[in-house]
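See structure below.
Residue numbers begin at 1 in each chain, while the letters A, B, ... track the order of the sequences.
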Amino acid sequence: MNDVAICLFAESGYDRAAQGVIGAGRRLAGTLGGRLHAITIGTHNPELNVRIAAVADSVISADQVELAEYQPELCLDALAQLCGELAPKAVLLSNDTYSQELAPRLAHKLGGSAVGDGIELIAQDGAIRVKRSVYGGKAVATIELKRSPAVIWLRARAFEADSAGSASVATVRQTRLNLPSGDRTRIIERKAESTGEARLEDARVIISGGRGLGGPEAFKDLQELAGLVGAQVAASRAACDSGWYPPSWQVGQTGKKVAPGLYLAVAIRGASQHMAGISDAKVIAAINIDPDAPIFKHCQFGIVEDYKKVIPLLREKLAALQK
Amino acid sequence: MNIIICLKQILDPEIPVRDFRIGPDKREAVRGNANLVTNIFCENALETALQLRERTGGKITALAFGAESAEDTLRKALAMKADEAVLVLNDGHPHPDPFTVAQVLAAAVRKIGACDLVMTGRESGDWGSGQTGGLIAEELGLPCISFVDHIEARGEGTDASLFVKRQTDNGWELLNAQPPLVVTITNNEFNVPRIPKTRDIMISARQPITKWTLEEIGVNAAEVRAGQSYYEVVDLAIPAKDVACQFVSGDTLEQKVENLAQRVIEVTRSL
Ligand SMILES: Cc1cc2nc3c(=O)[nH]c(=O)nc-3n(C[C@H](O)[C@H](O)[C@H](O)COP(=O)(O)OP(=O)(O)OC[C@H]3O[C@@H](n4cnc5c(N)ncnc54)[C@H](O)[C@@H]3O)c2cc1C
């Protein structure tokens, strides 16, 4: 079989990541000459399913009480059953927490192989290869998957949405899966720290602080600055590890992968692992006291100066310019 | 609580980009002058385990699959006060695929015996596949929770229950779990690895490390040595990406910042 299955969480909706996965799936199915099946997990999301139905050849909505809220073992079981039936050549997922958690285990259950954080898919001579960044963003590897299905989670926002659509609108099929009860892990509390605010992944402007800020107070100054230009505030791992800013706002290889129009790095060195999170930023700018800081190798513009001197002045100037 | 913690020795991930080189076969990085270090997330995992042991007691076994040099990683774990250390010697492919690694680690976990919790880092600082924990869970038929940064245990024996906090895309979740299970650990401000005491480093140098060959843990040694049954690296390249930074000009700091503000506004208005 040369079919492709994409797995999406209904809860996340038809966001940029979902669009990237759908686009990647459509193109891969085209190259392989197979059909595109979409699986949505969780409470029926009409908008998502309608959008997908316009692109995919079949849509399966795994909408049943057990799956209304994500539970790792149940969702894994559901995906393994559905993908097992479809017997696709490739299974694509996004790079959210849940997809990353499940993808390798799903591959194992299906007898396939997984690879993650893909930035490019190559189907050639029956083999599937994936490009991904490795060594903390210092290199890019091309990896060939040896078992079928190839289960791949994608750096979803790096993939174009589908532009062509499919000839006909697929019907949405509801499942009734037999899922085991009494699972050995259970999510008993969920806390969203970024409710009411735009997501970092979708932010147009990000102002990010690093260890050079020296403490949590400076993040308040960054927030004030952010308010002036409609920006979100983020942080480097060193700043998060110091407890100055919550980990959900960590940017980098192991934090958020962001794609803002402008990323202003304040007192961030520019370690490759940090830069791995902002490779899709359009413009990068920096404030750093060290002219040799690696961050300047990635910047369109910057200033070599103590942030303590720059920030108050910058606030003043931006406020004046915004009037 | 019996905890097995998997540790990986890697090329120092913090070496500057300009010192990073790729071998002629375009499959792996050249070590050069770089140090070998323990993957940071593995150390975050060990720190999380040490704190759990301080609250509930139990035993921590450090487990590594790697070359002879990985002994250093295990000695450091002992210096941080892990109770025991096991090295499964890798005399095959230097960077086996994640399935191979998981197979070996799972076989070693079985051989070690009684275990309530297997811990790994969320990913490694070299190849960063982010799969080892999940695949070990599948190999052992256990549940798995990823991106965990804190664990509490309540109750004893068959009543033991774990409360596991993990990070999500926009916050955190609390899970209740019955051991045995696998967790993968991510960093937060509370699991920054402790620095071992000089005295403990000296003691650790003399502590025994159990060493097993692939044959001794009962895996398909030939397949493990080949290390590519799951996936194969067919190319490795350094992306060319140097942007010329324009430093804002101006005679005074005020002028420079004025120019900086101008550029910022220019970009944000164009979005
Ligand atoms: C496996 C792995 C994964 C990782 N994942 C991530 C990740 O997702 N995200 C991430 O960020 N890091 C990550 N890291 C860590 C990364 O390697 C760096 O250690 C980290 O990014 C450094 O943070 P920093 O730049 O804030 O701090 P530092 O490296 O300490 O740099 C501070 C900077 O501030 C500047 N500075 C100091 N004082 C001032 C001042 N007064 N005014 C202006 N500038 C000043 C200094 O010149 C310096 O450039 C990872 C590492 C590993 C090994």
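Residue contact with chain A, scored on non-hydrogen atoms closer than 4.5 Å, involves the side chain of L11(B) exclusively. Using a 4.5 Å cut-off between heavy atoms, Q300(A) touches chain B through backbone and side chain atoms alike. There is no contact between R27(B) and chain A, counting heavy-atom distances below 4.5 Å. For I22(B), the part lying under 4.5 angstrom from a heavy atom of chain A is the side chain only. The contact between A244(B) and chain A is made entirely by backbone atoms, counting heavy-atom distances below 4.5 Å. I287(A) touches chain B through its side chain: at least one heavy atom from C-beta onward sits under 4.5 Å away, while N, CA, C and O do not. Neither the backbone nor the side chain of D97(B) comes within contact range of chain A, judged by heavy atoms closer than 4.5 Å. At a 4.5 Å heavy-atom cutoff, the contact between L181(B) and chain A is made by side-chain atoms alone. For Y230(B), the parts lying under 4.5 angstrom from a heavy atom of chain A are both the backbone and the side chain. Using a 4.5 Å cut-off between heavy atoms, P16(B) touches chain A through its backbone atoms (N, CA, C, O) alone. The part of P72(A) that comes within reach of chain B is its side chain, from C-beta onward, which places non-hydrogen atoms under 4.5 angstrom from that chain. The contact between S124(B) and chain A is made entirely by backbone atoms, counting heavy-atom distances below 4.5 Å. For R132(A), the part lying under 4.5 angstrom from a heavy atom of chain B is the side chain only. Interface remark: V192(B) contributes side-chain atoms only to the contact with chain A (heavy atom separation under 4.5 Å).
Inspection of the R166(B) and T97(A) side chains reveals no N or O donor paired with an N or O acceptor under 3.5 Å. A donor atom on one side chain and an acceptor atom on the other are not found under 3.5 Å apart for S248(A) and N170(B).
Counting non-hydrogen atoms of neighbouring residues, nucleotides and ligands closer than 6.0 angstrom, the NZ atom of K297(A) reaches no more than 12 such neighbours.
Using a distance-only test at 3.5 Å, with no hydrogens or angles considered, no donor-acceptor pair links the side chain of R263(B) to the main chain of G302(A). Between the side chain of K256(A) and the main chain of D169(B), a donor-acceptor pair closer than 3.5 Å is present.
Annotation: cation-pi pair R237(A)/F41(B) present, NZ/CZ under 6.0 Å from the ring centroid and within 45° of its normal.
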side-chain contact (heavy atoms from CB on, under 4.5 Å) evaluation trace for R129(A) with V234(B): CA-CA 9 Å; R129(A) 293 180 167 184; V234(B) 293; 3.8 Å; yes
Stepwise side chain to side chain donor-acceptor pair (under 3.5 Å) test for R269(B) and Q322(A): CA-CA 10 Å; R269(B) 291 221 169 116; Q322(A) 287 291 46; 3.3 Å; yes
Audit row: R190(A), T168(B), side chain to side chain donor-acceptor pair (under 3.5 Å) steps and yes/no: CA-CA 9 Å; R190(A) 293 164 207 267; T168(B) 61; over 6 Å; no
Candidate pair Q273(A) and E14(B), rule side chain to side chain donor-acceptor pair (under 3.5 Å), full reasoning: CA-CA 9 Å; Q273(A) 293 87 359; E14(B) 301 246 7; 5.8 Å; no
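In summary, K191(A) and E173(B) do not engage in a salt bridge, as defined by a charged side-chain N under 4.0 Å from a carboxylate O. Checked for salt-bridge contact, E254(B) and K317(A) meet the test: a charged N lies under 4.0 Å from a carboxylate O.
Using the six-membered ring where Trp is involved, F99(B) and H108(A) have ring planes that are tilted, between 30° and 60° apart. The aromatic rings of F296(A) and F247(B) stand perpendicular to each other, their planes meeting at an angle above 60°, with 30° marking the opposite boundary.
Closest heavy-atom contact between H95(B) and Y135(A): NE2-OH, 3.9 Å. Across all their heavy atoms, P239(B) and A139(A) have their closest contact at CD-CA, 3.8 Å. Scanning both residues, E73(A) and C144(B), for their nearest heavy atoms gives OE2-N, 3.1 Å. Scanning all heavy atoms of the two residues, the minimum distance from K138(A) to I15(B) falls at CE-O, 2.9 Å. Pairing each heavy atom of A177(B) with each of T185(A), the nearest pair is CB-CG2, 3.9 Å.
Note on L102(A), V134(A), V130(A): by heavy-atom pairs under 4.5 Å with chain B, the leading option is V134(A). Of the listed residues (E258(B), Q131(B), R18(B)), the one with the most heavy-atom contacts under 4.5 Å to chain A is Q131(B).
A distance of 7.0 Å separates CZ in F147(B) from CD in E101(A), rounded to the nearest 0.5 Å. Here the CG atom belonging to L175(B) is positioned 14.0 Å from the CZ atom belonging to R184(A), to the nearest 0.5 angstrom. Interatomic distance, T268(B) OG1 to L228(A) CG, rounded to the nearest 0.5 Å: 10.5 Å.
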